[in-house]
Amino acid sequence: SQELEQSPQSLIVQEGKNLTINCTSSKTLYGLYWYKQKYGEGLIFLMMLQKGGEEKSHEKITAKLDEKKQQSSLHITASQPSHAGIYLCGADTFGGAQKLVFGQGTRLTINP
Amino acid sequence: GAVVSQHPSRVICKSGTSVKIECRSLDFQATTMFWYRQFPKQSLMLMATSNEGSKATYEQGVEKDKFLINHASLTLSTLTVTSAHPEDSSFYICSARGQTDTQYFGPGTRLTVL
């Protein structure tokens with residue numbers, strides 16, 4: 001079965017610092033999705049990566065997918081309090097986002 | 001665009017009653033909708049996948065008679081928790097997928113069964 005490991009499980013950084021969250025799959029992926037969740041709320045779609053070596057950026061968040069399509073990283077530059085939350089990676093192992101398996105999440109805290 | 005709503009956002013019910021949760025795609029047609037369950041401080045677990053006009057596909061270990069799913073239109077799917085018990089208390093989140101390969105999530109429904 002598909003396993004998705006996220007690291008670290010929790011992260012506390014000083015405002016303004018950079019940080020990276022990793023997501024590793026046991027299988028080659030059709031796609032890798034990054035979402036952000038605030039406690040008790042739904043998931044906000046951040047980015048989708050489908051091609052090996054692909055990199056996407058939105059504002060201060062950059063996501064990359066390795067060439068083998070088994071590992072992804074999410075990098076936040078100059079973190080702000082608004083970046084705090086739970087980041088989840090979702091793996092598409094069937095194609096077409098028909099079924100996503102999620103990592104356990106990374107809880108990010110930004111200290112002022 | 002790609003907004004998904006859920007109703008209600010919170011529900012408290014007595015043990016033995018049934019609860020219906022609605023999931024709507026507001027600005028796109030969702031060919032497929034998904035229902036997830038999330039326990040505190042844990043990740044999402046897929047419960048079932050529903051396609052408009054056909055029966056839902058349930059994940060292993062999810063009782064289909066307990067969690068009834070109806071996807072009657074391209075913008076609405078409902079999850080009914082039948083004869084709810086305290087162990088059914090959880091955060092239920094739906095997602096909807098349209099023409100693109102992306103699932104958009106609703107805000108979730110917190111169910112508390114007393």
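Because only heavy atoms are used, hydrogens play no part in the values below, and waters and symmetry mates are left out as well, while side chains stay in. Labels below follow one simple rule: chain letters A, B, ... track the order of the sequence lines, proteins then strands, and each chain is numbered from 1.
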Original post:
Is there any residue in residues 37-45 of chain B with a non-hydrogen atom under 4.5 Å from a non-hydrogen atom of chain A, and which ones are they?
Top reply: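 The stretch touches chain A at B:Gln38, B:Lys41, B:Ser43, B:Leu44.
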Original post:
Taking atom CD1 of A:Ile12 as the centre, does the number of heavy atoms from other residues, nucleotides or ligands within less than 6.0 Å exceed 12?
Top reply: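 No.
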Original post:
Side chain, backbone, both or neither: which part of B:Glu59 has an atom under 4.5 Å from a heavy atom of chain A?
Top reply: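 The side chain, not the backbone.
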Original post:
By the rule that ILVMFWY residues connect when side-chain heavy atoms come within less than 4.5 angstrom, directly or transitively, which residues belong alongside B:Tyr58?
Top reply: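 Traced through the cluster, B:Tyr58 reaches B:Val11, B:Val19, B:Ile21, B:Trp35, B:Met47, B:Val62, B:Phe67, B:Ile69, B:Leu79, B:Val81, B:Tyr92, B:Leu111, B:Val113.
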Original post:
Hey, what's the ring geometry for B:Phe105 with A:Tyr35, parallel, tilted or perpendicular (30° and 60° as the breaks)?
Top reply: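 The rings of B:Phe105 and A:Tyr35 stand perpendicular, inter-plane angle above 60°.
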Subject >> Plane angle bin for B:Tyr36 and A:Phe102 - parallel if under 30°, tilted between 30 and 60°, otherwise perpendicular >> reply: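 Perpendicular.
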**OP:** Against chain B, label A:Leu88 side chain, backbone, both or neither, depending on which of its atoms sit under 4.5 Å from a heavy atom there.
**Re:**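 Contact with chain B involves the side chain of A:Leu88 alone.
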**OP:** Determine whether A:Gln37 and B:Ile93 make a side-chain contact, defined as any pair of heavy atoms from C-beta on separated by less than 4.5 Å.
**Re:**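 Side chain of A:Gln37 against side chain of B:Ile93, heavy atoms only: contact under 4.5 Å found.
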Just distance, no hydrogens or angles: give the donor-acceptor pairs under 3.5 Å from side chains in residues 55-62 of chain A, sequence neighbours left out.
| unit_1 | atom_1 | unit_2 | atom_2 | d |
| --- | --- | --- | --- | --- |
| A:Lys56 | NZ | A:Met48 | O | 2.8 |
| A:Ser57 | OG | A:Thr62 | OG1 | 2.9 |

**OP:** For B:Ser15, enumerate each residue passing the side-chain hydrogen bond (donor to acceptor under 3.5 Å, both in side chains) test, keeping only those at least two apart in sequence or located in another chain.
**Re:**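 side-chain hydrogen bond (donor to acceptor under 3.5 Å, both in side chains) check on B:Ser15 returns B:His85.
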